[in-house]
Amino acid sequence: MPSNEPDNEISATVKRIRQELAQDKQQLKWRTPIGDRPEDWNSKLKLFSNAEQTSDFIVMMQRPIDLSAKSMKQWWDKRQEGIERHMQQFIPERHKILGPELAAAHFILYRGGAVKFVNDPKWQRASEDGEFNLPNKFNATFKVEALRCDNMPLYYEGLENLRCLEHLKFLSFHNVKTFDDWCLDRISGSEFPRLEVLDISGTKVTAKGFSCLYRLGQLKLLIIDDPKQTLEMELSAAMLEASMPALKIVAAHTIHSF
């Protein structure tokens with residue numbers, strides 16, 4: 001008689017995929033689009049709108065169909081990026097329940113980062129299964145002192161989850177390839193009055209992004225790839241140090257061991 005092992009394997013795979021889809025749907029329930037919530041105001045003309053017919057949709061329909069492997073991979077990567085950007089969006093309800101300190105900690109630990117709290121010498125990290133032990137409601141004793149977002153796929157939308165951290169002194173975005181000048185601008189205005197160390201090495205930040213760092217008045221150490229990488233970078237670094245006497249800008253190789 002023929003063996004049923006292949007069928008069993010297929011059934012197990014289908015079951016696993018269905019479970020993953022169910023989990024994704026459950027996570028997306030946190031994120032009700034603006035305009036679909038009961039408290040949002042909507043015009044009567046919304047009856048005639050179509051959410052799918054955006055400008056991107058119209059441009060896509062005007063392009064010839066390309067089913068090459070390269071095109072399909074680009075489409076898949078862009079789709080995954082869109083999903084991740086959506087999942088990282090700021091959730092007011094989460095911040096109301098957890099408060100800014102624990103909300104930021106949950107956000108970073110869930111994505112593989114590390115968090116250190118005031119009066120706790122240990123860094124908190126999630127387990128291999130993505131589990132971590134933190135309160136699921138506001139607790140005033142948890143105050144974030146340091147955050148490591150190294151090598152994390154972190155987008156501009158997700159940075160809004162890092163806000164109003166009054167005790168934050170150390171913040172690292174080392175090797176976050178999606179971090180650019182716009183991200184640095186958002187971080188500089190996120191109310192970190194005690195931030196002393198900022199690591200932006202391995203990111204897309206350019207010399208032009210330095211202009212927003214005046215907002216971080218207590219900053220003492222800025223880690224970048226190389227202060228002398230270009231003439232523009234060297235000049236911008238020198239001007240920033242001159243305007244902020246307590247600040248020192250150093251190259252990443254003096255801090256990180258590669």
Side-chain angles (χ1 to χ4, degrees), residues 20 23-24 27-28 30-31 76-91 94-95 98-117 120 122-134 136 142-165 167-192 195-206 209 212-213 216 219 221-225 250-253 255-258:
E20 292 176 354
Q23 292 175 357
D24 291 342
Q27 291 178 339
L28 289 170
W30 278 81
R31 298 163 173 77
W76 178 257
D77 291 342
K78 186 175 181 179
R79 180 178 181 275
Q80 293 302 110
E81 179 183 329
I83 293 174
E84 185 59 28
R85 285 181 181 272
H86 181 71
M87 296 293 287
Q88 291 187 14
Q89 287 180 357
F90 176 74
I91 305 172
R94 178 169 58 191
H95 276 246
L98 297 171
E101 307 280 347
L102 281 173
H106 274 261
F107 179 82
I108 295 301
L109 289 176
Y110 179 78
R111 288 165 176 80
V115 179
K116 183 180 178 298
F117 294 99
D120 185 356
K122 298 181 180 179
W123 284 87
Q124 300 281 345
R125 293 182 181 273
S127 65
E128 294 181 357
D129 299 327
E131 301 292 333
F132 49 87
N133 186 22
L134 285 182
N136 55 7
F142 285 83
K143 302 181 186 301
V144 176
E145 184 178 32
L147 289 174
R148 281 193 175 277
C149 311
D150 302 353
N151 304 298
M152 187 183 297
L154 189 60
Y155 294 97
Y156 181 84
E157 290 81 354
L159 295 175
E160 194 173 357
N161 293 279
L162 311 179
R163 50 158 57 179
C164 304
L165 303 178
H167 298 82
L168 185 68
K169 293 184 177 180
F170 176 91
L171 181 58
S172 175
F173 295 102
H174 177 61
N175 276 342
V176 178
K177 303 303 182 183
T178 52
F179 195 92
D180 56 16
D181 292 342
W182 293 100
C183 295
L184 185 61
D185 181 69
R186 165 159 277 187
I187 286 296
S188 68
S190 296
E191 299 181 39
F192 303 144
L195 187 63
E196 297 179 357
V197 180
L198 178 61
D199 187 349
I200 53 174
S201 59
T203 66
K204 294 182 179 178
V205 174
T206 67
C212 65
L213 292 177
L216 302 174
L219 195 63
L221 182 63
L222 178 64
I223 306 169
I224 63 177
D225 289 332
V250 300
H253 69 83
I255 303 295
H256 301 285
S257 56
F258 296 95

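Counting from 1, the numbers follow the sequence of the chain as shown.
Every side-chain hydrogen bond (donor to acceptor under 3.5 Å, both in side chains) that Glu160 has, sequence neighbours left out, goes to Arg163. For Ser190, the side-chain hydrogen bond (donor to acceptor under 3.5 Å, both in side chains) criterion is met by no residue, not counting sequence neighbours. Residues meeting the side-chain hydrogen bond (donor to acceptor under 3.5 Å, both in side chains) test with Glu84, sequence neighbours left out: Gln88. When the salt bridge (charged side-chain N to carboxylate O under 4.0 Å, His left out) test is applied to Glu157, the partners found at least two apart in sequence or on another chain are Arg85. Qualifying side-chain hydrogen bond (donor to acceptor under 3.5 Å, both in side chains) partners for Asp77, counting only residues two or more places apart in sequence or in other chains: Lys73.
With rounding to the nearest 0.5 Å, the separation of CD1 in Ile255 from NE2 in His253 is 9.5 Å. The CD atom of Glu131 sits 10.0 Å away from the OH atom of Tyr110 when rounded to the nearest 0.5 Å. The CZ atom of Arg186 lies 11.5 Å from the CH2 atom of Trp182; values are rounded to the nearest 0.5 Å. Considering CZ of Phe132 and CD1 of Ile108, their distance stands at 10.5 Å, rounded to 0.5 Å. Rounded to the nearest 0.5 Å, atoms NE2 (His106) and CG (Leu134) are 4.5 Å apart. Here the straight-line distance linking atom CG of Leu162 with atom CD1 of Ile187 works out to 5.0 Å at 0.5 Å rounding.
Looking only at side-chain heavy atoms (C-beta outward), Leu147 and Phe192 stay at 4.5 Å or farther from each other. Contact annotation: the side chain of Val197 approaches that of Leu221 to within less than 4.5 Å [non-hydrogen atoms, C-beta and beyond]. Contact of the Phe170 side chain with the Lys116 side chain is not registered, since no non-hydrogen atoms from C-beta on lie closer than 4.5 Å.
Considering every non-hydrogen atom in both Cys183 and Thr178, the closest pair reads SG-O, 3.8 Å. The minimum heavy-atom distance linking Leu109 with Gly113 is given by the pair CD2-O, 3.6 Å.
Screening residues 169-180 for salt bridge (charged side-chain N to carboxylate O under 4.0 Å, His left out), with sequence neighbours left out, gives no hits.
Aromatic rings from His167 and Phe117 are positioned such that their centres are separated by 6.0 Å or more.
At distances below 3.5 Å, not a single donor-acceptor pair connects side-chain atoms of Asp199 with backbone N or O atoms of His174. A donor-acceptor contact shorter than 3.5 Å is absent between the side chain of Asp225 and the backbone of Ser201.
With respect to the salt-bridge test (charged N to carboxylate O, under 4.0 angstrom), the residues Lys143 and Glu101 do not qualify.
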